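First the structure, in the form of structure tokens, and then the observations on it.
Heads up: numbering here begins at 1 and tracks the sequence. Keep in mind that this is a model prediction, so the values were computed, not measured.
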Amino acid sequence: MADILRFPARRDHRLRTALRSLDAALADQQAALAQFRAELGSLRQTVMGLQGSVVAYQGGLARLSEDTRGAAREARKLERTAEGWLKA
């Protein structure tokens, strides 16, 4: 079996190889950054939707709280009326 010997690389060949590697790395970085920005945009939309849901939920809770207070007032009125009937 024959051994394959590499020819010594020339300085300008090494530089071209390094520049090609750098270009490839920059292209990969640019693609990753574009994907990251797209994901941030998606996250922003999701958070905005969540914010709207939370605001609606808070509004529903506020209405429920007011309805509960009203029902409690009415229950106390009925209780007083029943007590009045029992005394009579």
Next on the checklist: Which Ile, Leu, Val, Met, Phe, Trp or Tyr residues join W85 in one cluster when any pair of side-chain heavy atoms under 4.5 Å counts as a link?
Outcome noted: none
Checklist entry - Between atom CG of L50 and atom CG of L43, what is the distance when rounded to the nearest 0.5 Å? => result 10.0 Å
Checklist entry - Does any pair with a residue in residues 71-88 pass salt bridge (Lys or Arg N to Asp or Glu O under 4.0 Å), and if so which ones, sequence neighbours excluded? => result E66-R73, E74-K77
Checklist entry - Under the side-chain hydrogen bond (donor to acceptor under 3.5 Å, both in side chains) test, which residues partner S65, sequence neighbours left out? => result R69
Next on the checklist: Please give the remaining members of the hydrophobic cluster of F36, linking ILVMFWY side chains under 4.5 Å, ordered by chain and number.
Outcome noted: L33, L40
Checklist outcome for this item: So the side chain to side chain donor-acceptor pair (under 3.5 Å) pairs with at least one residue in residues 23-42 (sequence neighbours excluded) are Q35-E39
Checklist entry - Can you list every side chain to side chain donor-acceptor pair (under 3.5 Å) pair that touches residues 48-64, not counting sequence neighbours? => result none
